[in-house]
Amino acid sequence: MKTTAEIIIVGAGIMGCAIAYALAERGVSDIVVVERDAIGRGATADAAGGIRQQFSTETNVRLATASVRVWETFADRFDTEIGLRQQGYLFLLTDEAEAETFRTNVALQQRLGVPSRWVEPDEITRLNPHVRLDDVIGGTFCPEDGWVDTYQATMGYARAARAMGVEIREETTVTGIGVEAGRVTGVETDGGTIASRLVILCAGPYSRPVAKLAGIDLPIEPSRRMSFVTEPFDRLPSSLPMTIEFSTGLYFHPESGGFLFGMGDPDQPDGWDKTVDEGWMMATVERLVDRAPAFEDASVRRGWAGFYEVTPDDNPLLGFVGEPAGLAVAAGFSGHGFMQGPAIGSCIADLVISGESHAIDISPFRPSRFAEGALAQEHNVI
Ligand SMILES: Cc1cc2nc3c(=O)[nH]c(=O)nc-3n(C[C@H](O)[C@H](O)[C@H](O)COP(=O)(O)OP(=O)(O)OC[C@H]3O[C@@H](n4cnc5c(N)ncnc54)[C@H](O)[C@@H]3O)c2cc1C
């Protein structure tokens, strides 16, 4: 077990593992990833696995597109089956202002090479014949969007990183971050101290409390989100796209012979409550049946809650924090982090090694933007 490392990464979710892999791929493998639980068991395990390119900001579209290219080749490249299903994301729009915004977003996505398109109600019926459309103006669809198995993807990265010499230390909690003369010196853990001049925080929803160990405050709040799966259910085909009623955030997609579904609660207070709220489950089911009446005959098998890691502009903090020197962060993905893991890995690895993210300009998501008043709001948050 190492007591010094060139780089320490805090957290072995999709971000910690993808960044460790990308660094090792670039020849920097003297890395310790410290994980208090087990690999991929944090927010990454709670995610619906959705991957989409339909975003409203150029940076997010580029991050998503670069990641989709990796998801498409992941099974061969990492010898890991991730259950990639590219059945598309279909957004249903019921409000004129929303529709206008989505038309603008589609133009941006198409300019960046994404095959998304505006769809009229008759095409929506062909894509998903099971949704009620009387209040729907139109929608957008991208056939390359879909979903994957988040745990297998994270394990694929972790195995590949370990094979190149990265140490991933599970069941070890970071309890302190050393800072001397304005620079990080390493981390303290419940299993001893590890010295390093470079620490990357990838602690998901816990990134704010972990950053406080270094005396800095990151604007990342935990917000409970619940997901549910039905018992096996074949009244709707397993070929349907991920379908989203944008005005409520209701979504559903086929999963393991049944369907996975959820809906964002606009009144959900920030905080660490991880219980499943039966009342919200009933409200979600009611909304689901209203939009897709065939679900009346489905029954819910189980539900779970996890935390979105929400920032004031629904976008992550990527890069060095400034003070203390040597401390970088990749966190605050506001509910769309899993899908961006591959691109974030490459961008952060390049930034750490050469001071610049070569393939994609991630400077709009620099941690200092909040203090500068230069927010980069993402509109397409589910
Ligand atoms: C219900 C739900 C549905 C979602 N659906 C999607 C989706 O469809 N698509 C999508 O892209 N995203 C989705 N997300 C968001 C996605 O889960 C996150 O953005 C992403 O997984 C963040 O990955 P991460 O590696 O940053 O965090 P995590 O996976 O949380 O990893 C952080 C790790 O840090 C560890 N850690 C924390 N504190 C310490 C410490 N002190 N010492 C050591 N280790 C520590 C944790 O144990 C954890 O394993 C969803 C989230 C939720 C809750």
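Just so you know, ligand 1 is whichever comes first in the structure, and atom 1 is the first atom listed for that ligand.
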Enumerate the atoms of ligand 1 whose separation from the nearest heavy atom of [X] is less than 4.0 angstrom.
| X | value |
| --- | --- |
| F333 | 19 (O) |
| F307 | 53 (C) |
| S227 | 1 (C) |
| F338 | 10 (C), 11 (O), 12 (N), 16 (C), 18 (C), 19 (O), 20 (C) |
| M15 | 24 (P), 25 (O), 26 (O) |
| G337 | 11 (O), 12 (N), 19 (O) |
| A48 | 3 (C), 4 (C), 5 (N), 6 (C), 7 (C), 8 (O) |
| V34 | 43 (C), 44 (N) |

Hey, is [X] touching ligand 1 through its side chain, its backbone, both or neither, going by heavy atoms under 4.0 Å?
| X | answer |
| --- | --- |
| C202 | backbone |
| T172 | backbone |
| H336 | backbone |
| A203 | both |
| T44 | both |

Can the ring centroids of W71 and F338 be said to lie less than 6.0 angstrom from one another?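 Distance test on ring centres: under 6.0 Å, yes.
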Exam field: side chain [X] to backbone [Y], donor-acceptor pair closer than 3.5 Å:
| X | Y | value |
| --- | --- | --- |
| E245 | S247 | no |
| R169 | V34 | no |
| S299 | E231 | no |
| R162 | I168 | yes |

Would you say [X] contacts ligand 1, with heavy atoms under 4.0 Å as the rule?
| X | answer |
| --- | --- |
| E309 | yes |
| I382 | no |
| G49 | yes |
| R41 | no |

Think R291 forms a cation-pi with F252, using NZ or CZ under 6.0 Å from the six-ring centre and within 45 degrees of its axis?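 No; the conditions do not both hold, so R291 does not lie above the ring face of F252.
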Does R235 make a cation-pi contact with F233 (under 6.0 Å, within 45 degrees of the axis)?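 Verdict for F233: no cation-pi partner in R235.
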Distance alone, cut at 3.5 Å: any donor-acceptor contact between the side chains of E188 and T193?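 No, no side-chain donor-acceptor pair sits under 3.5 Å.
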Between the side chains of N315 and Q377, is a donor N or O closer than 3.5 angstrom to an acceptor N or O? no
D79 atom CG, over 12 foreign heavy atoms within 6.0 Å: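 Counting other residues, nucleotides and ligands, CG of D79 stays at 12 neighbours or fewer.
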Heavy atom to [atom], shortest distance: which of [options] holds it?
| atom | options | value |
| --- | --- | --- |
| atom 39 (C) of ligand 1 | R224, M339, E171, R36 | R36 |
| atom 12 (N) of ligand 1 | G335, G341, A331 | G335 |
| atom 6 (C) of ligand 1 | S207, A47, G13 | A47 |

Can you classify the ring geometry of W272 versus Y206 as parallel (below 30°), tilted (30 to 60°) or perpendicular (above 60°)?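 Plane angle under 30°, so parallel.
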With respect to T140, which candidate in Q54, Q109, R117 satisfies the side-chain hydrogen bond (donor to acceptor under 3.5 Å, both in side chains) definition?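 Testing each of Q54, Q109, R117 against T140, the sole residue satisfying side-chain hydrogen bond (donor to acceptor under 3.5 Å, both in side chains) is Q54.
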Would you check whether A330 has a nitrogen or oxygen atom less than 3.5 angstrom from a nitrogen or oxygen atom of ligand 1?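 Between A330 and ligand 1 (N or O atoms, distance only) the closest approach is not under 3.5 Å.
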Less than 3.5 Å between some nitrogen or oxygen of I14 and one of ligand 1, yes or no?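 In this structure, I14 places an N or O atom under 3.5 Å from an N or O of ligand 1.
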Salt bridge (Lys or Arg N to Asp or Glu O under 4.0 Å) evaluation trace for E372 with R369: CA-CA 5 Å; E372 294 161 9; R369 73 182 182 279; over 6 Å; no
For [atom], the protein heavy atom that lies nearest, with its residue and separation:
| atom | answer |
| --- | --- |
| atom 17 (O) of ligand 1 | A43 O, 3.0 Å |
| atom 35 (C) of ligand 1 | E35 OE1, 3.3 Å |
| atom 8 (O) of ligand 1 | G50 N, 2.8 Å |

Out of D270, D267, D273, which residue meets the salt bridge (Lys or Arg N to Asp or Glu O under 4.0 Å) rule with R224? D273
